[in-house]
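Input: one structure, supplied below.
We count ligands from 1, going down the list as the structure has it; atoms in each ligand are counted the same way.
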Amino acid sequence: MSTEIETDIEPMTSPRPRMLPPPLQPLQALSWNYWWSWAPDGNEVFRDLDPALWQQCEQNPRTLLAQISDLRLAQVAADPAFADRVQRLSAKFSAYLSDTGPWPKLQLAPRITPENPVAYFCAEFGIHNSLPLYSGGLGILAGDHLKSASDLNLPLVAVGLFYRFGYFRQRLRRDGWQEEIYRENHSDELALHLVNDAEESPRLIEVVMRGRVVRAQVWRADVGRVRLYLLDTNVAENDPTDRLVTGHLYGGDRETRLVQEMMLGIGGSRLLQELGIDPGVFHLNEGHSAFLTLDLARELIEREGLSFAAAADRVRERCVFTTHTPVAAGHDEFEAALVQKCFGDWPETALGLAREEFLKLGRGNGDANGSFGLTPLALRMCRSTNGVSRKHGEVSRELWRKMWPDLSAGDVPITSITNGVHPSTWVAPLLRRLYEQRVGADWIERARDANVWAYGVERISDEELWQAHSLLKQRLVAYVRDHSFDARLARGENEDYIEAARTMFDPQILTIGFARRVAGYKRWDLLLSDPEQLTKLINDPDRPIQFVFAGKAHPQDQEAKPVLQKLIEWQRDSSVRHRVAFIEDYDQETARQLVQAVDVWMNVPRRPMEASGTSGQKVAINGGLNFSVLDGWWLEAYDGDNGFAIGDLSELTDEEADRREAESMYTILTEEVAARYYDHDDGAIPRRWVAMMKRSMQTLVPLFSSDRMVAEYAERIY
Ligand SMILES: *Cc1c(COP(=O)(O)O)cnc(C)c1O
């Protein structure tokens with residue numbers, strides 16, 4: 001791996017407790033709960049304390065409050081308008097925390113109560129970019145799930161891992177090659193509480209792996225009313241190798257991945273027992289945590305002397321599973337010898353299973369040999385399985401029908417719940433204001449009734465919507481220039497090229513965003529399949545187009561990195577570089593900047609490999625239009641008038657699909673997208689475009705919010 005570890009960087013703060021002037025004191029409590037990150041004016045209050053420092057601290061209120069100067073604190077404390085904002089935010093926070101009544105419309109199964117909450121397990125959580133414990137879509141989805149659970153008052157606790165080095169930060173070399181940098185997460189700079197035992201010493205969770213006892217301390221993050229527990233093996237009592245079990249997210253070799261997943265599943269199960277939490281249901285969000293089911297069985301066997309089969313029946317009643325991967329190769333699997341090495345004799349001693357019986361739990365039916373897969377294990381040990389869009393449900397039933405050899409694919413018991421996004425997290429403040437004014441202060445709840453919502457959005461005038469969107473685009477242009485300038489300077493580019501960043505991009509021009517992982521099936525290369533035509537489109541004198549890109553390639557993905565490099569090289573060409581930008585290090589903050597401001601969000605996955613996709617849903621809340629292949633969520637969302645579809649649903653070979661969909665992409669881009677965007681009298685409002693923005697908001701926001709998603713899990717699955 002060409003990785004670089006920045007372990008020697010100075011921690012950003014001395015963790016001295018800071019006395020704030022009285023009007024600002026509520027900021028301490030606010031900074032300890034990630035609620036601020038989606039509360040109206042939450043971001044803005046912290047930002048306005050010291051905007052430059054806020055950016056430097058990467059939007060982390062804990063470091064901001066530690067580093068802000070006494071002078072600046074005294075200044076803002078003496079500003080009555082600012083003190084009022086802090087007061088209002090703090091009052092809202094208190095009201096939010098104390099409102100513990102059940103959400104009126106949530107019909108919960110009696111097994112879920114505050115004493116028996118949902119336990120939600122995931123390998124990554126994207127709560128906010130200042131808590132970098134996520135790599136992409138799965139983590140962001142988990143973060144949005146927790147926020148909606150909190151908003152809806154669903155009793156839920158979450159379990160994950162604290163990665164000392166998180167996921168990598170992306171830097172591009174001058175030749176366009178991606179480099180990975182790992183930065184250490186310092187727990188004392190984050191809003192994390194160390195969980196102690198009754199004697200006030202750190203609670204340690206123990207799991208035997210590779211023949212050694214591995215211990216994990218536990219951090220707690222507060223996400224509104226939801227508690228997120230994170231296991232961390234970086235403790236002095238551990239063997240040095242074991243301290244790195246939770247070192248990197250998706251960074252190590254297969255063995256590291258396996259022991260990581262043992263810690264998540266088995267350690268997580270024990271953690272909840274230690275804390276006296278007795279969940280009504282365990283939700284395995286993706287297979288990474290599937291070993292949890294085995295530890296639950298172990299506990300029953302120990303306590304009640306059950307056989308494994310009887311224990312498994314009981315475990316199954318309490319566990320539900322969400323699969324996220326539509327291709328066989330994407331499912332986590334481990335070689336039998338490795339499983340043997342890491343588990344040792346535990347299957348025998350704890351579960352009473354012979355080696356072969358144990359290995360069979362992780363194999364598809366009829367696979368005599370072969371690897372141990374976490375998806376087969378989860379399918380066997382959970383009472384419910386779902387995919388993350390209707391199409392993905394269908395694909396999963398086909399993919400896993402071998403687990404139910406007597407059933408036809410249509411009868412395979414895998415259902416689907418389509419992913420959604422957390423509106424308060426993703427909406428731009430300007431749009432939020434418009435919704436509050438025109439739809440109502442309770443616009444998010446109203447959005448749950450599609451008719452009420454549609455009527456409310458109708459009340460937004462074309463003028464005010466277009467004006468808000470234009471301001472957001474200006475903000476994006478400034479952001480693109482700023483980032484490009486800094487990145488070019490940091491890479492030591494030549495002066496002209498650095499200087500050119502100051503004038504690149506234009507807020508009047510049709511702006512297309514394309515940001516996602518650089519993975520084969522996302523087909524980043526489709527856009528560049530005809531570079532000449534693309535260059536012509538970008539520079540069309542009447543209907544120019546500009547593109548903003550962002551995305552990371554997995555460090556070990558040697559096919560993705562050259563694709564990224566090719567795009568970067570093309571983007572530097574003098575014929576397009578004023579209208580094409582690549583923003584390094586795609587994260588939640590970059591995503592927010594892009595989804596809140598682009599005119600169009602483009603997505604060209606190879607069908608049917610986009611299980612759902614969620615970034616386009618974030619765009620819809622902000623009035624942007626989707627321009628996508630009919631796959632994942634877009635397949636069920638597109639109605640002919642609420643955005644643009646690339647290609648159709650024909651069954652094609654990969655090569656045919658690439659050719660036909662590239663052609664469709666170029667044609668629709670000019671004949672429909674650009675034509676509609678530029679259909680206005682000079683400087684005036686593009687009425688047909690704005691009508692489509694509204695139609696997109698009306699039809700998509702109610703369906704693709706994480707409130708709807710979590711309510712569906714609560715009512716149909718939990
Ligand atoms: C929303 C989001 C994703 C997931 O987007 P997809 O549409 O699934 O590609 C990935 N990364 C970040 C930072 C996001 O905000």
Side-chain angles (χ1 to χ4, degrees), residues 37-38 58-59 122-145 147-148 166-170 249-250 285-286 322 324-326 330 387-389 391-392 418-428 512-524 526 548-554 560 583-598 600-622 624 626-637 643 700 704-706 709:
S37 69
W38 74 89
E58 301 188 316
Q59 298 88 31
C122 193
E124 44 171 316
F125 284 93
I127 309 291
H128 184 256
N129 45 293
S130 63
L131 185 60
L133 303 175
Y134 65 93
S135 79
L138 181 70
I140 302 283
L141 179 80
D144 283 359
H145 195 105
K147 294 171 190 173
S148 277
Y167 197 54
F168 73 91
R169 309 285 183 114
Q170 177 190 53
L249 171 57
Y250 306 145
N285 193 43
E286 190 51 303
T322 300
H324 290 263
T325 317
V388 291
S389 69
K391 178 70 183 175
H392 180 233
T418 305
N419 287 343
V421 296
H422 187 246
S424 277
T425 294
W426 297 104
V427 71
I512 300 188
F514 187 94
R516 50 192 37 85
R517 270 182 307 130
V518 188
Y521 80 89
K522 302 267 195 186
R523 294 196 299 188
W524 277 65
L526 205 69
V548 55
F549 294 96
K552 297 175 177 181
H554 188 279
I583 309 291
E584 279 179 358
D585 202 34
Y586 186 42
D587 70 357
Q588 212 168 344
E589 176 59 16
T590 320
R592 226 187 314 272
Q593 295 287 342
L594 303 192
V595 301
Q596 292 179 353
V598 294
V600 170
W601 193 251
M602 188 174 124
N603 191 16
V604 289
R606 180 181 308 291
R607 284 179 297 123
M609 290 167 80
E610 185 80 306
S612 167
T614 52
S615 51
Q617 303 169 351
K618 303 167 192 166
V619 171
I621 294 176
N622 290 290
N626 280 273
F627 170 52
S628 295
V629 162
L630 290 167
D631 197 16
W633 81 282
W634 190 235
L635 176 59
E636 61 197 82
L700 303 177
F704 301 99
S705 102
S706 53
M709 172 183 78

Problem set entry | Protein heavy atom at shortest distance from atom 11 (N) of ligand 1 |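 Result: Tyr586 CE2, 3.4 Å.
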
Exercise. Side chain, backbone, both or neither: which part of Trp633 has a heavy atom under 4.0 Å from ligand 1?
Worked result: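 It is neither; nothing of Trp633 touches ligand 1.
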
Exercise. Near Arg516, which atoms of ligand 1 are under 4.0 Å from a heavy atom of that residue?
Worked result: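 Near Arg516, the atoms of ligand 1 are 9 (O).
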
For this session: Among Thr614, Asp144, Asn622, find the residue that satisfies the side chain to side chain donor-acceptor pair (under 3.5 Å) test when tested with Trp426.
Result: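 So the option named by the test is Asp144.
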
Exercise. Below 4.5 Å, heavy atoms only, C-beta onward: do Val604 and Phe514 meet side chain to side chain?
Worked result: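 Yes, close enough: below the 4.5 Å cut-off.
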
Exercise. What's the shortest distance from atom 9 (O) of ligand 1 to any protein heavy atom, and which residue and atom give it?
Worked result: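 Ranking protein heavy atoms by distance from atom 9 (O) of ligand 1, first comes Lys522 NZ, 3.1 Å.
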
Exercise. Just going by heavy-atom distances, which of Lys618, Lys552, His324 is nearest to atom 3 (C) of ligand 1?
Worked result: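 Nearest heavy atom to atom 3 (C) of ligand 1 lies in Lys618.
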
Exercise. Do Ser130 and Glu589 have a side chain donor and acceptor closer than 3.5 Å?
Worked result: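 There is no such pair (donor and acceptor under 3.5 Å, judged by atom type) between the side chains of Ser130 and Glu589.
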
Exercise. Parallel, tilted or perpendicular: which fits the ring planes of Tyr250 and Tyr167, with parallel below 30° and perpendicular above 60°?
Worked result: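 Because their plane-to-plane angle is over 60°, the rings of Tyr250 and Tyr167 count as perpendicular.
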
Exercise. Hey, are Lys147 and Ser424 close enough side-chain-wise for a donor-acceptor pair under 3.5 Å?
Worked result: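 The criterion, which ignores hydrogens and geometry beyond distance, is not satisfied for Lys147 and Ser424.
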
Exercise. Which atoms of ligand 1 have any heavy atom of Gly136 under 4.0 Å away?
Worked result: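 What qualifies from ligand 1 is 10 (C), 11 (N).
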
For this session: Check each heavy atom of Glu610 against ligand 1 and say whether those closer than 4.0 Å belong to the side chain, the backbone, both or neither.
Result: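 Neither part.
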
For this session: Below 4.0 angstrom from a heavy atom of Ala591, which ligand 1 atoms are there? Numbered from 1 as shown, please.
Result: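 Once the distances to Ala591 are compared, the set is 15 (O).
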
For this session: Could you check if a side-chain atom of Asn285 sits within less than 4.5 angstrom of a side-chain atom of Leu138, using non-hydrogen atoms only?
Result: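 They are in side-chain contact.
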
Exercise. Is Asp587 in polar range of ligand 1, meaning some N or O pair under 3.5 Å apart?
Worked result: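 Asp587 vs ligand 1: no N/O contact under 3.5 Å.
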
Exercise. What pair of heavy atoms forms the shortest contact from Gly420 to Leu141, and how long is it?
Worked result: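 Heavy atoms only, the tightest pair is O-CD1, 3.9 Å.
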
For this session: Select one of side chain, backbone, both or neither to describe which atoms of Thr614 lie under 4.0 Å from any atom of ligand 1, heavy atoms only.
Result: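 Within the 4.0 Å criterion, Thr614 contacts ligand 1 through backbone and side-chain atoms alike.
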
Problem set entry | atom 7 (O) of ligand 1: nearest protein contact (heavy atom, Å) |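 The protein heavy atom lying closest is Ser615 OG, 2.5 Å.
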
Problem set entry | Between Asn129 and Gln59, a side-chain donor and acceptor under 3.5 Å |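 Indeed, the side chains of Asn129 and Gln59 share at least one donor-acceptor pair under 3.5 Å.
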
Problem set entry | Shortest non-hydrogen contact between Ser615 and Ala515, atoms and distance |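 What the structure gives for the nearest pair is OG-O, 4.4 Å.
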
Problem set entry | ligand 1 atoms in contact with Gly137 (distance to a heavy atom under 4.0 Å) |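 Near Gly137, the atoms of ligand 1 are 3 (C), 4 (C), 10 (C).
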
Problem set entry | Close-contact set for ligand 1 against Trp426 heavy atoms, below 4.0 Å |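 Those qualifying, in numeric order: 15 (O).
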
Exercise. Backbone, side chain, both or neither: what part of Val421 comes under 4.0 angstrom of ligand 1, heavy atoms only?
Worked result: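 Looking at Val421 and ligand 1, no heavy atom falls under 4.0 Å.
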
